[in-house]
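Before any comments, here is the structure.
None of these values were measured; they are calculated from a predicted model. By convention in this document, chain letters (A, B, ...) are assigned in the order of the sequence lines, proteins followed by strands, and residues within each chain are numbered from 1.
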2 protein chains.
Amino acid sequence: MKYSKATNYALHTIAYLGLLPSGKAIGVKPLAEIQKVSPTYLSKVLTTLVKAGLIVSAPGVKGGYRLIKGVEDITFLDVVQAVEGLNPLFHCSLDNHVHDNENCFIQQTMNEAEKKMEDHLHSQTIAQVLKKIDQRVSDYLKSEAG
Amino acid sequence: MKYSKATNYALHTIAYLGLLPSGKAIGVKPLAEIQKVSPTYLSKVLTTLVKAGLIVSAPGVKGGYRLIKGVEDITFLDVVQAVEGLNPLFHCSLDNHVHDNENCFIQQTMNEAEKKMEDHLHSQTIAQVLKKIDQRVSDYLKSEAG
DNA sequence: ATATTATAGACTCATCGAATCTACAATAAA
DNA sequence: TTTATTGTAGATTCGATGAGTCTATAATAT
Ligand code: SF4
Ligand code: SF4
């Protein structure tokens with residue numbers, strides 16, 4: 001079990017967008033170049049973020065992607081769920097309702113555990129990334145922006 | 001991202017073993033029958049639990065699987081990690097060490113979140129499953145034991 | 001109009017979960 | 001010691017899905 005690469009790309013892209021001057025958009029090409037991924041694929045990932053309401057996109061010459069909300073209002077959970085979806089990590093194997101799913105302690109425990117993880121992801125914002133990010137990372141991202 | 005079916009089988013099997021009289025072993029066939037999975041595949045899953053030190057196996061006529069420790073000493077985390085492994089859910093995409101991995105807030109946050117989940121899984125034991133398990137489940141398991 | 005940029009869909013490829021099959025090793029009971 | 005029983009290991013298969021490519025299309029600023 002592991003997070004998809006798409007989640008990785010999404011998190012990094014959001015952080016990168018947070019470094020831009022407010023309201024400024026940037027195309028997928030430089031974003032893809034930094035992360036060493038193909039533009040078309042990254043675009044596909046970013047489109048899911050658009051649909052999730054985290055960023056907006058605009059075609060055309062001065063188009064690209066930009067944040068909607070401030071980075072202090074975007075949580076890790078927002079990004080992770082936008083990419084990974086909302087299905088629980090653990091799912092009961094029995095389709096037939098032999099068991100009382102409501103009161104099943106196995107499901108309950110597994111879901112509670114997942115919730116703990118989600119709670120933490122919800123408590124951390126992208127703003128904190130930009131604050132605490134290692135200076136070298138910031139410099140690197142800025143230099144790659146060209 | 002989701003837990004494998006193997007984790008599901010493992011959790012249920014451990015719970016089932018916990019229902020047996022102390023020290024008694026049971027073969028893979030009834031275990032597989034209850035969970036509607038092939039014996040050979042379940043055996044493969046259980047072998048990983050053997051290697052993880054959660055259960056012991058014995059070949060031969062009166063052989064089978066049985067628990068080593070009491071159910072109050074087996075945590076969800078034990079079972080989950082035995083099957084899913086120890087690799088973190090999130091892994092940095094950059095091989096080259098352009099960034100300071102130690103201080104990266106993205107990795108840090110994702111790993112902390114995973115740890116929250118693990119902490120909860122560590123706090124819950126199989127004993128609690130057997131205590132809180134819905135009576136119908138218990139009855140079902142026992143009846144299937146034949 | 002035209003260059004630029006995002007989007008959508010079909011498609012490919014590799015990986016991995018899930019499972020099967022078979023051969024083999026170990027053990028208790030006869 | 002033989003024999004039936006049971007777990008183990010390896011090779012192999014199958015399908016789903018993550019990851020990515022390619023191409024065509026739509027939208028927009030200049
Ligand atoms: S014990 Fe819980 S998780 Fe397992 S089959 Fe029953 S309801 Fe599902
Ligand atoms: S920002 Fe963190 S997770 Fe991303 S590439 Fe750098 S070290 Fe890795």
Side-chain angles (χ1 to χ4, degrees), chain A residues 1-13 17 20 23-33 35-68 80 82-85 87 89-91 93, chain B residues 1-13 17 20 23-33 35-68 80 82-85 87 89-91 93:
Chain A
M1 183 169 68
K2 61 177 197 293
Y3 282 108
S4 67
K5 288 195 173 187
T7 291
N8 197 312
Y9 297 145
L11 284 171
H12 284 79
T13 300
L17 294 182
L20 296 179
K24 179 138 189 274
I26 185 174
V28 73
K29 265 178 285 191
L31 292 170
E33 197 173 333
Q35 304 183 54
K36 311 218 187 312
V37 61
S38 83
T40 50
Y41 181 62
L42 182 59
S43 174
K44 198 174 287 285
V45 174
L46 297 186
T47 297
T48 70
L49 297 184
V50 170
K51 289 178 176 170
L54 294 179
I55 63 178
V56 286
S57 62
V61 178
K62 279 289 189 179
Y65 299 93
R66 65 176 171 82
L67 295 179
I68 299 178
V80 168
V83 177
E84 299 285 336
N87 290 335
L89 296 184
F90 182 87
H91 202 269
S93 52
Chain B
M1 184 169 66
K2 61 177 197 295
Y3 283 107
S4 67
K5 288 193 173 187
T7 291
N8 196 312
Y9 297 147
L11 284 172
H12 284 78
T13 300
L17 294 182
L20 295 179
K24 180 138 190 273
I26 185 175
V28 74
K29 263 178 287 192
L31 292 169
E33 197 174 333
Q35 304 183 53
K36 312 218 187 313
V37 62
S38 82
T40 50
Y41 181 63
L42 182 58
S43 174
K44 197 174 288 285
V45 174
L46 297 186
T47 298
T48 70
L49 297 183
V50 169
K51 289 180 177 170
L54 294 179
I55 62 178
V56 286
S57 62
V61 178
K62 279 288 188 178
Y65 299 93
R66 65 175 171 83
L67 296 180
I68 299 177
V80 167
V83 177
E84 300 284 336
N87 290 335
L89 296 185
F90 182 87
H91 201 269
S93 52

Distance in Å, B/Arg66 CZ paired with B/Leu20 CG, rounded so as to fall on 0.5 Å steps: 11.5 Å
Protein-nucleotide distance (B/Lys29, atom NZ; D/dT5, atom P), rounded to Å: 8 Å
Separation of D/dG7 C1' from B/Leu49 CG (nearest whole Å): 14 Å
Value in whole Å for how far the C1' atom of C/dT15 lies from NE2 of B/His91: 17 Å
Sugar-phosphate, base or nothing in reach of A/Ser43, heavy atoms under 4.0 Å: base
Pairing residues for B/Ser38 by the side chain to side chain contact (heavy atoms under 4.5 Å, CB included) criterion, not counting sequence neighbours: B/Thr40, B/Tyr41
Pairs under 3.5 angstrom only: tabulate donor-acceptor contacts from the side chains of residues 47-55 of chain B to other protein residues two or more places apart or in another chain.
{"unit_1": "B/Thr47", "atom_1": "OG1", "unit_2": "B/Ser43", "atom_2": "O", "d": "2.8"}
{"unit_1": "B/Thr48", "atom_1": "OG1", "unit_2": "B/Val45", "atom_2": "O", "d": "2.5"}

Set of side chain to side chain contact (heavy atoms under 4.5 Å, CB included) partners for B/Val61, sequence neighbours left out: none
Residues forming a side chain to side chain contact (heavy atoms under 4.5 Å, CB included) with A/Pro59, sequence neighbours excluded: none
Heavy-atom closest contact (A/Asn8 atom, A/Gln35 atom, distance): O-OE1, 4.4 Å
d(NZ, B/Lys36; C1', C/dA19) in whole Å: 17 Å
Nearest-angstrom distance from the residue atom CZ of A/Arg66 to P of C/dT5: 16 Å
Contact pattern, 5' to 3', of nucleotides 17-30 of chain D - B, S or - by protein heavy atom under 4.0 Å: --SBBB----BBBS
B/Thr47 side-chain N/O to D/dT8 phosphate OP1/OP2 under 4.0 Å: yes
